[in-house]
There are 2 protein chains.
Amino acid sequence: MTELSTMKDGVANQAEASDRVLQILAEAGRLFASKGFEGTSMRDIALACGISKSLLYHHFSNKDEIYARVAVGSTLELYLFVRDRIPDGPPSQKIRAFMVATAEYFRRYRWAWIASTTAFWNDPDRSRHKERLTRRDRFENFLRGLIQEAIDAGEIRKVDVPMTGRLILSSLNWMHRWYNPNKSATPEQIADVFFDMIFNGLRSGELVALPGAEPSKAGRRKAR
Amino acid sequence: MTELSTMKDGVANQAEASDRVLQILAEAGRLFASKGFEGTSMRDIALACGISKSLLYHHFSNKDEIYARVAVGSTLELYLFVRDRIPDGPPSQKIRAFMVATAEYFRRYRWAWIASTTAFWNDPDRSRHKERLTRRDRFENFLRGLIQEAIDAGEIRKVDVPMTGRLILSSLNWMHRWYNPNKSATPEQIADVFFDMIFNGLRSGELVALPGAEPSKAGRRKAR
DNA sequence: GTTTTCACCGACCGATCGGTCAAGCCCGGC
DNA sequence: GCCGGGCTTGACCGATCGGTCGGTGAAAAC
């Protein structure tokens with residue numbers, strides 16, 4: 001399952017799919033990402049593909065299935081994709097590799113990624129993307145394992161593991177809201193910068209005594 | 001404009017609004033947050049309020065206006081709300097206060113916040129929430145000013161200011177996706193934890209020499 | 001007492017929604 | 001020649017969409 005050569009046109013893990021199906025998934029993902037699931041009609045998808053609406057129903061049973069193929073297809077391999085890019089070495093470097101690999105996945109399958117992380121996040125009808133959610137849980141648990149590993153190795157201090165995982169994933173999951181492929185650095189570079197900030201912290205090595213600065217809760221770690 | 005006593009029922013800045021209008025805004029915000037803008041029909045809103053659909057059009061001209069009142073109302077005062085909660089003192093503590101205040105705002109106006117940060121984020125028809133976007137720009141620029149202040153004061157190292165702002169806002173903006181008011185700590189406490197992680201970093205004070213660990217890019221700051 | 005105002009409603013509109021269906025088109029095998 | 005089957009289509013369905021309309025009843029204004 002480490003072979004990811006079946007990915008085409010930014011659509012992941014659609015191995016036996018025809019070109020037409022891949023085209024539909026690509027266009028649908030782009031539309032779902034920009035206008036949302038409810039905001040995208042079957043007519044929109046058909047028009048974007050230059051085909052009739054009926055043909056969509058020849059290849060897919062309904063709208064939900066198209067979304068499921070887009071969303072699940074984009075999260076199906078995420079865990080494996082990232083896992084296979086974690087090198088041997090210090091746990092902190094594994095966390096860094098985790099972030100960079102996730103960013104690379106985001107760059108490759110951007111529209112599908114956005115579509116799957118945007119729509120239905122709070123929909124009461126969970127059945128539509130239950131599988132997606134369990135896969136994301138596995139992905140997040142994998143990260144928590146790496147964090148615990150780094151704590152056990154003494155590389156990072158004894159932080160709250162779930163909260164640390166949420167902080168790391170927040171920096172990656174929010175990226176699509178401001179990332180501009182024409183102006184920003186590559187997602188991998190951005191992930192690298194974020195890792196540096198989170199791991200090393202923003203604080204400068206030498207603490208300056210500000211006039212009038214009073215002791216504060218967050219300054220609890222003593223100056224070194 | 002620092003008087004925020006006009007906020008009721010989690011709906012911000014709706015000063016002269018009647019109870020019915022406030023009810024509509026509250027229900028609409030909750031629905032927009034959970035089902036999205038396109039996924040919420042005027043009938044849904046009317047039903048949730050226990051009124052007829054016609055009455056919605058008596059109080060609002062159309063669906064977009066309801067959303068605008070929800071979204072703009074929730075971001076209108078955000079900047080002022082946060083700004084007024086920044087204490088005098090070291091710039092780093094201002095950043096911390098910024099994060100905690102934003103979290104408090106999120107806790108108070110949760111549904112409106114989610115609705116405004118979820119819908120239309122990539123809609124080609126930007127006119128619908130242009131005002132909201134410029135307000136968020138001012139909010140983000142305010143944070144960048146605080147970061148620059150902390151750099152100038154020597155409290156934090158010379159990081160990339162826009163990227164640092166994005167990291168901080170990511171941790172806050174993604175919170176609604178996993179925050180559970182029944183199980184999680186308060187948003188303010190969460191913001192405090194995130195500030196500690198970002199400011200002080202995850203790395204433990206003493207570096208352990210792992211067998212087989214090789215020098216890496218992220219380990220560029222020398223051990224102290 | 002009359003008129004104006006205002007919150008409110010049920011019925012209705014054209015447009016669009018997701019989805020169906022019978023029928024053509026195209027092309028390789030016989 | 002023609003035949004079968006996958007690809008493709010336009011016409012069509014009931015339901016629902018956002019939005020409009022005329023009207024009601026009660027309080028406020030005169």
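Note that these values count all heavy atoms, side chains included, but never hydrogens, waters or copies made by symmetry. In what follows, chains carry the letters A, B, and so on, assigned in the order in which the sequence lines appear, proteins first and then strands, with residues in each chain numbered from 1.
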Which whole-number value in Å describes the distance from B:E65 CD to D:dG18 C1'? 14 Å
Closest to the A:S52 side chain: D:dG19, C:dC8, D:dT9? D:dT9
What residues form a ring pair (Phe, Tyr, Trp, His ring centres under 6.0 Å) with B:Y57, not counting sequence neighbours? none
Checking contacts here: which listed nucleotide (D:dT8, D:dT20, C:dC8) is nearest the side-chain heavy atoms of B:Y57? D:dT20
Between C1' on C:dG19 and CG on A:D64, what's the gap in Å once rounded to a whole number? 12 Å
B:F60 CZ to C:dC8 P, in whole Å, measures 12 Å
Take atom CG of B:N62 and atom C1' of D:dG18, then tell me their distance rounded to the nearest Å. 9 Å
Which atom of B:I190 lies closest to which atom of B:A185, heavy atoms considered: CD1-O, 3.6 Å
Please report, rounded to the nearest Å, how far the P atom of D:dG18 is from the CG atom of B:L56. 10 Å
Using a cut-off of strictly less than 4.0 Å, decide whether B:H58 has a side-chain nitrogen or oxygen near OP1 or OP2 of D:dT20. no
Treat primed atoms plus P, OP1 and OP2 as sugar-phosphate and everything else as base, then score nucleotides 21-27 of chain D 5' to 3': B for base contact with protein heavy atoms under 4.0 Å, S for sugar-phosphate contact only, - for none. B------
Could you tell me which non-hydrogen atom of B:L25 sits nearest to which non-hydrogen atom of B:R69, and how far apart they are? CD2-CB, 3.5 Å
For residues 39-46 of chain A, run the donor-acceptor check on the side chains, cut-off 3.5 Å, and write out each pair with its distance to 0.1 Å, sequence neighbours left out.
residue	atom	partner	partner atom	Å
A:T40	OG1	A:L31	O	3.2
A:T40	OG1	A:G36	O	2.8
A:S41	OG	A:R43	N	3.4
A:S41	OG	A:D44	N	3.0
A:S41	OG	A:D44	OD1	3.4
A:S41	OG	A:D44	OD2	3.2
A:D44	OD2	A:K35	NZ	3.2
A:D44	OD2	A:S41	N	3.1

Taking side chain to side chain donor-acceptor pair (under 3.5 Å) as the test, write out the residues that go with A:S184, two or more places apart. none
Between D:dG18 (C1') and B:F32 (CZ): distance, integer Å: 12 Å
Can you name the residues that form a side chain to side chain donor-acceptor pair (under 3.5 Å) with B:R177, not counting sequence neighbours? none
To the nearest Å, give me how far apart NE2 (A:H59) and C1' (D:dT9) are. 12 Å
Mind calculating the distance between CZ (B:R20) and C1' (C:dC8) to the nearest angstrom? 9 Å
Quick one: closest heavy-atom pair of A:H176 and A:W113, and the distance? ND1-NE1, 4.3 Å
What's the verdict on ring-ring contact (aromatic ring centres under 6.0 Å, His included) for B:F37 and B:F32, showing C-alpha distance, side-chain angles and the deciding distance? CA-CA 5 Å; B:F37 178 82; B:F32 286 150; 5.4 Å; yes
Do A:E140 and A:R136 sit within salt-bridge range, that is, some charged N less than 4.0 Å from a carboxylate O? no
Restricting both atoms to N or O, compile the protein contacts to nucleotides 12-17 of chain C shorter than 3.5 Å, with distance only.
residue	atom	partner	partner atom	Å
C:dC17	OP1	A:S41	OG	3.4

